[in-house]
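Working notes for the structure below.
Please read these numbers as outputs of a predicted model, since none were measured by experiment. One-based numbering, in listed order, for ligands and for the atoms of each. What you see below is based on every heavy atom in this structure, not just the backbone, and it leaves out hydrogens, waters and symmetry mates.
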Amino acid sequence: MVKICCLGAGYVGGPTMAVIALKCPSIEVVVVDISVSRITAWNSDQLPIYEPGLDEVVKSCRGNNLFFSSDVEKHVAEADIVFVSVNTPTKTRGLGAGKAADLTYWESAARMIADVSKSDKIVVEKSTVPVKTAEAIEKILTHNSKGVKYQILSNPEFLAEGTAIQDLFAPDRVLIGGRETPDGRRAIKALKDVYAHWVPEERILCTNLWSAELSKLAANAFLAQRISSVNAMSALCEATGADVAEVSHAVGKDTRIGHKFLNASVGFGGSCFQKDILNLVYICECNGLPEVANYWKQVIKVNDYQKNRFVNRIVSSMFNTVSGKKIAILGFAFKKDTGDTRETPAIDVCQGLLGDKARLSIYDPQVTEEQIQRDLSMNKFDWDHPVHLQPMSPSSVKQVSVVWDAYEAAKGAHGLCILTEWDEFKNLDYKKIYDNMPKPAFVFDGRNVVNPQKLREIGFIVYSIGKPLDSWLKDMPAVA
Ligand code: UDX
Ligand code: UDX
């Protein structure tokens, strides 16, 4: 029986290993993590992450061939294949601060593997890592090998949150990079055999190590670039009276472009896009390619511009001040169908409004109050460290209250901001909301979920990203 161990029971490691266990009954899969509370949650009825379909997959194989354990060393020692899916935060100090990946957790994982291993192992990079990380990991492992042989593979994960199980069941492609040596090829084949239990062979792409590592960064950069492109267009649409939804529909009809990932928004978030692009930028700079670095940097700059522009729109519409005004925030997660808030644009928008002394009343169907308070009090990039290493949240952020209902959030609010496209926000009783707000009552839709015309008929002043502006907003131009 092949034994797999995965280091890191997070958004990537947990669902990926659960699906491998489900699809490969002959393989024993153990997911380990230094966080005892995370492992306890994986072993309970309340899994630590919310992902449609995940509960069923975990329940059907947990205890059979899927296990969650905090006995990291034992299970690493016993495994044939070790996946590493630990955090790779952006460095906050020293060389490459603000851009380069901090490989502290990765390096200590590699050293631990070398310490405890008594049999040959395939070590698989699952976390997104800078190009050539495998080389560094290989060096750590071979210099400490005590006769044990290692093969390093890069097998980046392309799942998106909210559709993780679907993406894992039917991936567009599985990418496996390895050394172009007989041992390297054997290792690639061993991992390919795992995925071949359910993924058609033509979808399993085998490449060299560096291509696999770079492809992951490139794929995320291309996706984020599409969003920044359409968001840049949204600003021009507002200035000219075009409608960004019509523009992206027309553009996406070109089969060479395609319609996916062209929704204008308040900005992209999530644990990968910004981090991976910063990483790419850093690698370009280190390789003497400043023009290429600046090209990709612009994708992040437009994203920051979009978030700022949204805050400025709110403040300028409300007579250039939100000081002391209550603003309802609907949605805090970085997208719908997830409770994940990593790099969510809501953090920047809320901090921008708090900077102008607004009072916020926040509602999100999946995000806890503790998480929201922690996010709003954390420094940039601190989120990507295991919870116990994160700074403690202050006992209260006084200007922020978190409520469990959209109507409660909106009661008495001067403005309502939609920051996540949760389906339930489409069908709220906006008349009821309007009646409970001081006038003029504003809606700022950062995800284009409401029908602006209908809301205007109720009496709202509506701002929707990239849509023709109300005359009110035209009279109060936002300076970005
Ligand atoms: C993680 C990284 O954040 C991301 O950069 C990478 O591309 C893929 O792996 P994700 O699974 O979403 O993505 O992160 P997270 O949910 O934070 O899970 C990482 C887990 O690793 C945490 O549960 C953490 O406790 C664990 N961990 C971290 C270890 O077990 N050992 C360590 O040394 C560090
Ligand atoms: C992304 C990649 O899609 C995935 O392949 C990779 O493995 C990890 O990073 P994820 O971060 O889970 O996945 O979410 P994704 O669906 O890509 O959305 C990222 C952000 O872009 C979200 O904030 C989303 O709201 C935003 N977005 C997406 C838009 O603003 N407009 C769009 O058209 C699409």
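- Remark: distances from the non-hydrogen atoms of L7 to ligand 1 are all 4.0 Å or more.
- The residue from G269, S265, G270, G267 that puts a heavy atom closest to atom 20 (C) of ligand 2 is G269.
- Contacts with ligand 2 closer than 4.0 Å are made by heavy atoms of both the backbone and the side chain of A160.
- Contacts of K260 with ligand 2, taken as heavy-atom pairs under 4.0 Å, are absent altogether.
- Cation-pi geometry between K23 and Y195 is not met: the NZ or CZ atom fails to fall both under 6.0 Å from the ring centre and inside 45° of the normal.
- No hydrogens or angles considered: nothing links the side chains of E125 and T133 as a donor-acceptor pair under 3.5 Å.
- Remark: ligand 2 atoms within the under-4.0 Å shell around heavy atoms of K216 are 6 (C), 7 (O).
- Polar contact check, E161 against ligand 1: no nitrogen or oxygen pair lies under 3.5 Å apart.
- Of the listed options K335, R342, R226, K336, K335 places a heavy atom closest to atom 16 (O) of ligand 2.
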Please report the C-alpha distance between Y11 and E51 in whole Å, then the side-chain angles of each, then the deciding distance to 0.1 Å, and finally whether the side chain to side chain donor-acceptor pair (under 3.5 Å) criterion is met.
CA-CA 9 Å; Y11 285 88; E51 198 61 61; over 6 Å; no
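- Considering each of N448, T338, N220, the one bringing a non-hydrogen atom nearest atom 2 (C) of ligand 2 is N220.
- Under a 4.0 angstrom heavy-atom cut-off, A109 registers as lying outside contact with ligand 1.
- Side-chain contact, S265 with N263: no donor N or O sits under 3.5 Å from an acceptor N or O.
- When heavy-atom distances to ligand 2 are checked against a 4.0 Å cut-off, I227 comes that close only through its side chain, counted from C-beta outward.
- Put simply, part of K275 is less than 4.0 Å from ligand 1, judged by heavy atoms.
- Ligand 1 has an N or O atom lying under 3.5 Å from an N or O atom of Y11, backbone or side chain.
- Listed by number with element, the atoms of ligand 2 under 4.0 angstrom from any heavy atom of L262 are 33 (O).
- The aromatic rings of F310 and F444 lie perpendicular to each other, with more than 60° between the two planes, well past the 30° mark.
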